[in-house]
Protein chains: 2
Amino acid sequence: MIGVISRVESAAATRRALLDAAADLLDGGGPDAVTLREVGARAGVSRGAPYRHFPDKDSLLTTVAAEALDRLAEQVRAVRADPRQPPADRLRHALSALMTIGRRRPHLYRLMFTTPAGDPAAIQAATRAADRAMDEFLAVVGDLIGAGQARQFAALLLTSAHGITDLEVSGHLSADKWDITAEELVSTLVSMIDQRARSA
Amino acid sequence: MIGVISRVESAAATRRALLDAAADLLDGGGPDAVTLREVGARAGVSRGAPYRHFPDKDSLLTTVAAEALDRLAEQVRAVRADPRQPPADRLRHALSALMTIGRRRPHLYRLMFTTPAGDPAAIQAATRAADRAMDEFLAVVGDLIGAGQARQFAALLLTSAHGITDLEVSGHLSADKWDITAEELVSTLVSMIDQRARSA
DNA sequence: CTTGTTCAGGTGACAATGTCATCTGAAAAT
DNA sequence: ATTTTCAGATGACATTGTCACCTGAACAAG
């Protein structure tokens, strides 16, 4: 029956609208710009309504982060499954997905890699999503250099890519000072690892 | 004359007390725990007094970050000037100074590498301090591999060390998942760079 | 020494915001 | 048909950043 929605469907739609509104406000002006009142207004409900779906503001934001980490994990999985690219390029693309989030949605990126706050359920969801994303990265690295030494090199690559992205996001990686782009840094690193793994 | 303080001396002392109080509160519970009222109380003044020294809360926090970046720059300078250590160890120690801040004062570390906010003067002070710290790192790398290629490798090292520290601070670098410590990561990276620079 | 000025600091006030207690109405279960 | 459940609305409150205004003492100019 088109147009007929049950109570749980309506609640789910509201929850979705709340998350989308929170993400929009976050993109617009950072965490301080995410106001529960404004989130409610944009979702078409009142100021107290968000509390029917999230215990508090931290939990709402942590859930936004968890969803973003889930999408990242999915992106990396898709990149890994693409047979048209050689393993080294797949790794570059996977890391590029991370950096693209940082460039396009800096506040969201920051949130994704902050210590999750809020109620235990939200924290656990975010932690699990982060673990899944990292596992996908680990698999991509494993495809390149073998599962044996993958852990160590994956840790190196992930932390490096994150550092590059985070410093660029915060403006501390000005191109005129270092005359090197984030892509060049990652590419250099991937090459170094590829070479070292081969010679080891 | 002991005990006799002028007006400007008193004002300077208050400003210092405000910055110290803000840093303490930051360490205790993050940026949200830094309340201008509590900052004033701990500094022995009232709620509105901070506005005689800082235009707004953001400027106060940005000044705290600027001072921390200044101390970091000084630490790296000291490490570089120590003739007892070989260049590679000096580099390891310099990067270790960064990671130690992250471990001991995670909230301060986060603040140091966030986009500075507040009035232009505070932002400029923080930016200059960050530049100075990075220049010191650059010099340490230059001592190891020569000023020629130092820029590229310094960028690689700094971003990596920051990523390692930041992920560890935020809890996303759990040891049981990666079975590798931050020190091992940095050490591996320094060795790789050292080797690559030598062979280039 | 007197007088006017500067300025750190104090206080009242206000708006924004997170959060809770309470109420309501309709959907779902009985 | 009656009861229960629950998303949502609303009033209220404490906290907090910020501003306007006031005060008193240190300092300078005469």
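Just so it is clear, the values below take in all heavy atoms, side chains as well, and ignore hydrogens, waters and symmetry mates. Every chain is numbered from 1, with letters handed out A, B, ... down the list of sequences.
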Please report the interatomic distance CG(B:Asp166) to OG(A:Ser170), rounded to the nearest 0.5 Å.
9.5 Å
Would you call the rings of A:His172 and B:Phe113 parallel, tilted or perpendicular, taking 30° and 60° as the class edges?
perpendicular
Separation of A:Arg15 atom CZ from D:dG8 atom C1', in whole Å?
16 Å
If you measure from CD1 on B:Ile193 to CG on B:Leu156, what distance do you get to the nearest 0.5 Å?
4.5 Å
Name the closest nucleotide to the A:Arg37 side chain, picking from D:dA12, D:dT18, C:dG10.
D:dA12
Closest to the B:Ser46 side chain, choosing from C:dG10, C:dT19, C:dG18:
C:dG10
Presence of donor-acceptor pair under 3.5 Å, side chain of B:Arg47 and base of C:dG10
no
With the threshold set at 4.0 Å, does a side-chain nitrogen-carboxylate oxygen contact exist between B:Arg103 and B:Glu183?
yes
Heavy atoms only, 4.0 Å cut-off, all strands: where does A:Val34 land among base, sugar-phosphate and nothing?
sugar-phosphate
Let me know the distance between CG of A:Leu60 and P of C:dT19, rounded to the nearest Å.
10 Å
Rounded distance (Å) that lies between atom P of D:dT18 and atom NZ of B:Lys57:
8 Å
Are B:Arg92 and B:Asp89 within salt-bridge range, i.e. N to O under 4.0 Å?
yes
On DNA chain D, more 5' by nearest nucleotide between A:Val45 and B:Gly48 is A:Val45
Between C:dG10, C:dA8, D:dG8, which nucleotide gets closest to the side-chain atoms of A:Arg52?
D:dG8
B:Tyr51 has an atom OH; how far is it from atom P of C:dG12, in whole Å?
17 Å
Just how far, in rounded Å, is C1' of C:dT17 from CG of A:Leu36?
8 Å
B:Leu25 atom CG is separated from D:dG17 atom P, nearest whole Å, by 11 Å
Under 4.0 Å: is that the gap between some side-chain N or O of A:Thr14 and OP1 or OP2 of D:dG8?
yes
Picking from C:dT17, C:dG9, C:dT19, which would you name as closest to the side chain of B:His53?
C:dG9
Rounded to whole Å, CZ of A:Phe54 lies from P of D:dG8 at a distance of 11 Å
Check the distance between C:dA16's P and A:Asp32's CG and give it to me in whole angstrom.
16 Å
